[in-house]
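The structure under discussion appears below in the form of structure tokens.
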2 protein chains.
Amino acid sequence: MKIGELAKKTDCSVQTIRYYEKEQLLCTTQRSDGNFRLYDEAAVEQLLFIKLCRNLDLSLSEIRQLLTLKRSPGAQCDQVNRMMDTHIQQVETRIQELVQLREHLKVLRRSCSSERTIEQCGILQTLTTNQHQKR
Amino acid sequence: MKIGELAKKTDCSVQTIRYYEKEQLLCTTQRSDGNFRLYDEAAVEQLLFIKLCRNLDLSLSEIRQLLTLKRSPGAQCDQVNRMMDTHIQQVETRIQELVQLREHLKVLRRSCSSERTIEQCGILQTLTTNQHQKR
DNA sequence: CTTGACTCTATAGTAACTATAGAGTTTAAA
DNA sequence: TTTAAACTCTATAGTTACTATAGAGTCAAG
Ligand SMILES: [Zn+2]
Ligand SMILES: [Zn+2]
Ligand SMILES: [Zn+2]
Ligand SMILES: [Zn+2]
């Protein structure tokens with residue numbers, strides 16, 4: 001199949017597929033007489049694997065590692081598991097950062113109501129005068 | 001004061017300050033005879049304001065809008081308030097996405113233990129065989 | 001008068017795409 | 001058979017908010 005069909009089957013844009021090839025996530029394929037890329041079912045599988053990983057927010061570099069690991073089926077699982085653990089930890093940290101941020105934003109938001117002018121704006125005042133003015 | 005002192009006072013890198021100038025978050029300043037940028041206290045204030053906004057994850061474009069608004073003190077607050085509301089909503093959404101993602105990752109992680117080989121890896125199997133294999 | 005610390009501009013790199021431009025290829029209808 | 005539409009190719013630039021150079025100029029102290 002040609003790249004357009006692969007794109008449709010995997011719900012992935014044509015440019016993204018070419019990008020993944022350049023980034024070594026998909027190996028270079030056969031080409032037709034007219035220099036069009038030709039793919040088989042294995043390519044569909046691989047691209048779907050990549051998409052699932054991206055949905056888990058794994059980076060392209062991490063996915064590249066996973067693909068390499070898949071090619072040595074006798075090796076131990078440790079690396080895969082460690083990658084997952086690290087990744088989960090990062091997501092956890094990010095969630096906590098965002099929860100804190102949300103609280104900051106909500107407090108700030110409460111410092112203003114709609115009927116004010118910019119001059120009286122509680123939000124802008126807080127952001128401006130915070131620690132460094134009026135002692 | 002020169003750019004290095006401003007950088008120290010605001011805990012902001014010299015390159016970032018120059019970048020903010022290019023992006024119109026800081027206006028172009030006076031220059032010394034030797035073409036060095038010269039700043040006053042107002043610049044310190046403004047840069048600290050920008051930093052606080054960045055800590056709230058506001059984009060440079062949003063901050064640019066806020067700075068513009070600050071310059072028309074008679075106008076109404078609506079725009080500021082609307083920007084905050086939108087921003088809070090985005091953070092909320094992102095938190096929910098990440099919480100879901102975390103659950104996915106945890107389930108996936110549980111499908112493997114350390115003593116396995118890649119071939120038996122529950123994680124890789126799940127990612128590979130998901131919907132599209134085995135009917 | 002030279003050394004070192006500072007500053008200047010311009011350019012490239014980061015991550016993971018997305019969006020062109022300009023050219024060639026293939027398929028189908030007219 | 002011509003021609004038009006639809007597809008594909010490569011190469012390049014843009015996105016965000018910086019960071020990191022290179023190569024040159026400025027300034028103060030010793
Ligand atoms: Zn990760
Ligand atoms: Zn307000
Ligand atoms: Zn926002
Ligand atoms: Zn495993």
Donor-acceptor contact present, side-chain [X] to main-chain [Y], <3.5 Å:
X	Y	answer
B:S13	B:T16	yes
B:Q89	B:M84	no
B:S72	B:A75	no

Please determine if a side-chain N or O atom of [X] lies less than 4.0 Å away from the OP1 or OP2 oxygen of [N].
X	N	answer
B:R18	C:dT11	no
B:Y20	D:dA17	no
A:T16	C:dT18	yes
B:R64	D:dA17	no
A:S59	C:dA15	no
B:S32	D:dT26	no
A:R37	D:dT8	no

In whole Å, I'd like the distance from the [atom1] atom of [X] to the [atom2] atom of [N].
X	N	atom1	atom2	answer
B:I17	D:dA17	CD1	C1'	15 Å
B:E23	D:dT15	CD	P	10 Å
A:E21	D:dT8	CD	P	14 Å
B:R54	D:dT19	CZ	C1'	14 Å
A:L60	C:dC17	CG	C1'	9 Å
A:L38	C:dT25	CG	P	15 Å
B:R31	C:dT9	CZ	C1'	10 Å
B:Q15	C:dT11	CD	C1'	13 Å

Just compare [options] and give me whichever is closest to any side-chain atom of [X].
X	options	result
A:I3	C:dA16, C:dT18, D:dT8	D:dT8
B:Y19	C:dA16, C:dT26, D:dC18	D:dC18
A:N35	C:dC6, D:dC9, C:dA16	D:dC9

> Think A:K9 forms a cation-pi with A:Y39, using NZ or CZ under 6.0 Å from the six-ring centre and within 45 degrees of its axis?
Replying inline: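 No; the conditions do not both hold, so A:K9 does not lie above the ring face of A:Y39.
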>> Both A:D33 and A:L58 contact DNA chain C. Taking the nearest nucleotide for each, which residue is further toward the 5' end?
In response: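 Checking each residue's closest nucleotide, the 5'-ward one belongs to A:L58.
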> More 5' along DNA chain C: B:K22 or B:K8, using each one's nearest nucleotide?
Replying inline: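 Closest to the 5' end, via its nearest nucleotide, is B:K8.
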> Going only through I, L, V, M, F, W and Y residues with side-chain contacts under 4.5 Å, is there a path from A:L38 to A:L47?
Replying inline: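 No, it is not one cluster - the side chains of A:L38 and A:L47 are not joined through contacts under 4.5 Å.
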